[in-house]
Structure formats: C-alpha cells, structure tokens
Amino acid sequence: QVQLVESGGGLVQAGGSLRLSCAASGRTFSSYAMGWFRQAPGKERDFVAAISWGGGSTSYADSVKGRFTISRDNAKNTVYLQMNSLKPEDTAVYYCAATTRFTTRTKSYDYWGQGTQVTVSS
C-alpha cells in the first residue's frame with residue numbers, strides 16, 4: 001500500500017516554472033515506478049511523465065518533452081516534476097501515481113494522489 005500527497009501547484013505566468021513534489025508513505029516506495037498525469041476540465045486524464053523505480057528510465061509525453069523533468073529521491077520517498085517554460089495549455093490538475101512496473105498507461109497505475117492545481121496565465 002502506498003499513499004501519495006502532491007504539493008507545489010499554483011498560479012504562474014506563461015514562461016514561468018514550477019516544481020511539483022509527491023511524497024509517498026510506506027517502506028516500499030523504491031519498488032514502484034512513478035508517474036505524473038494531468039487532467040484539464042472536461043478532458044481525460046493524460047500521461048505526462050514516468051520514471052522507473054531506480055530512476056534510470058524516464059518517459060515523457062510529446063507535449064512536455066524538453067520542458068518538464070521527472071526525478072525521484074528514494075531516500076526521501078519523493079518524486080518531483082520540474083516544469084519549465086510553462087504554457088497556458090499546461091493548466092490542469094496534476095496527479096502523481098505509483099505502479100509496479102514502468103509504463104505510460106494510465107490504467108496500469110494502482111495508487112493515486114489527490115492532485116494539485118497548476119494554472120498558467122497568458
């Protein structure tokens with residue numbers, strides 16, 4: 001069982017940066033691959049980025065490649081999403097999630113946080 005709590009969302013101007021954090025409970029955090037997803041109003045929840053249990057593999061949605069970076073610190077049970085060059089279309093609720101295998105498929109993630117709002121103004 002893993003419990004996830006996101007933080008770091010907020011309001012930022014286009015071109016700005018934010019760093020999201022996701023703190024996990026449980027002693028088996030390092031056994032899970034982690035992902036970030038986002039959901040805008042009226043839209044489905046979409047994959048943003050994923051990182052393998054050891055951090056050696058990452059994957060990104062095309063829309064965020066080169067702007068977002070996912071990382072993790074297993075000693076702190078935390079995964080991060082550094083978001084640079086933000087655009088208004090990045091506005092959404094951002095969720096972190098955990099899965100037992102490295103994947104970009106939303107349905108493969110077993111545990112989810114409550115989400116944090118990111119709003120990018122133009």
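When all heavy atoms are compared, the tightest approach of Leu81 to Ala49 is CD1-CB, 4.2 Å. Between Leu4 and Gln114, the shortest heavy-atom contact is O-OE1, 3.7 Å. Summarising the geometry of Asn84 relative to Ser17, their closest heavy-atom pair is OD1-OG, 2.9 Å, with the distance given to 0.1 Å. Contact detail for Pro88 and Ala14: the closest heavy-atom pair is CD-CB, 4.1 Å. Across all non-hydrogen atoms, the minimal contact from Val79 to Ile51 is CG2-CG2, 4.1 Å. Pairing each heavy atom of Ser59 with each of Thr104, the nearest pair is OG-CG2, 3.5 Å.
The cluster map of Ile, Leu, Val, Met, Phe, Trp and Tyr, joined by side-chain heavy atoms under 4.5 Å apart, puts Tyr111 and Phe29 in the same cluster. Taking hydrophobic clusters as Ile, Leu, Val, Met, Phe, Trp and Tyr residues chained together by side-chain heavy-atom distances below 4.5 Å, Val118 does not share a cluster with Val93. Met34 and Phe102 fall into different hydrophobic clusters, where Ile, Leu, Val, Met, Phe, Trp and Tyr are joined by side-chain heavy atoms under 4.5 Å apart, directly or via other members.
Taking the six-membered ring for Trp and thresholds of 30 and 60 degrees, Phe37 and Phe47 have ring planes more than 60 degrees apart, a perpendicular arrangement.
Atom CH2 of Trp36 and atom OH of Tyr94 lie 10.0 Å apart (nearest 0.5 Å). Between atom OG1 of residue Thr106 and atom CG of residue Asp46 there is a gap of 7.0 Å, rounded to the nearest 0.5 Å.
Judged as a side chain to side chain contact (heavy atoms under 4.5 Å, CB included), and not counting sequence neighbours, the contacts of Thr100 are Tyr32, Asp110. The side chain to side chain contact (heavy atoms under 4.5 Å, CB included) test applied to Thr103 returns Thr99, Arg101, Arg105, Ser108, Tyr109, not counting sequence neighbours.
Judged by distance alone, with hydrogens and angles left aside, the side-chain atoms of Glu6 form a donor-acceptor pair with the main-chain N or O of Cys96 at under 3.5 Å. Distance alone, capped at 3.5 Å, is enough to place a donor-acceptor pair between the Thr78 side chain and the Lys76 backbone. With Thr116 contributing its side chain and Gly9 its backbone, the two residues share a donor-acceptor pair below 3.5 Å. For the pair Ser85 (side chain) and Gly15 (backbone), a donor-acceptor distance under 3.5 Å is absent. A donor-acceptor pair is defined here as one N or O able to donate and one able to accept, closer than 3.5 Å; such a pair exists between the side chain of Asn74 and the backbone of Trp53. Between the side chain of Ser52 and the backbone N or O of Ser57, at least one donor-acceptor pair lies under 3.5 Å. Put simply, the side chain of Tyr60 never gets that close to the backbone of Arg67: no donor and acceptor are under 3.5 Å apart.
When side chains are defined from C-beta on, Tyr95 does not count as touching Arg38, because their heavy atoms never get closer than 4.5 Å. For the pair Val48/Phe68, a side-chain contact is recorded, criterion being any heavy-atom separation below 4.5 Å from C-beta on. For the pair Leu20/Met83, a side-chain contact is recorded, criterion being any heavy-atom separation below 4.5 Å from C-beta on.
Look at Asp90 and Lys87 and you find no salt bridge, because none of the NZ, NE, NH1 or NH2 atoms lies under 4.0 Å from a carboxylate O.
In this structure, Arg72 fails the cation-pi test against Tyr80, since its NZ or CZ atom is not both closer than 6.0 Å to the six-membered ring centre and inside 45 degrees of the ring normal.
Counting heavy atoms of neighbouring residues, nucleotides and ligands inside a 6.0 Å radius, atom CD of Gln117 exceeds 12 of them.
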Q) Is there a side chain to side chain contact (heavy atoms under 4.5 Å, CB included) between Glu89 and Ser122 once you walk through the steps? A) CA-CA 10 Å; Glu89 51 263 44; Ser122 57; over 6 Å; no
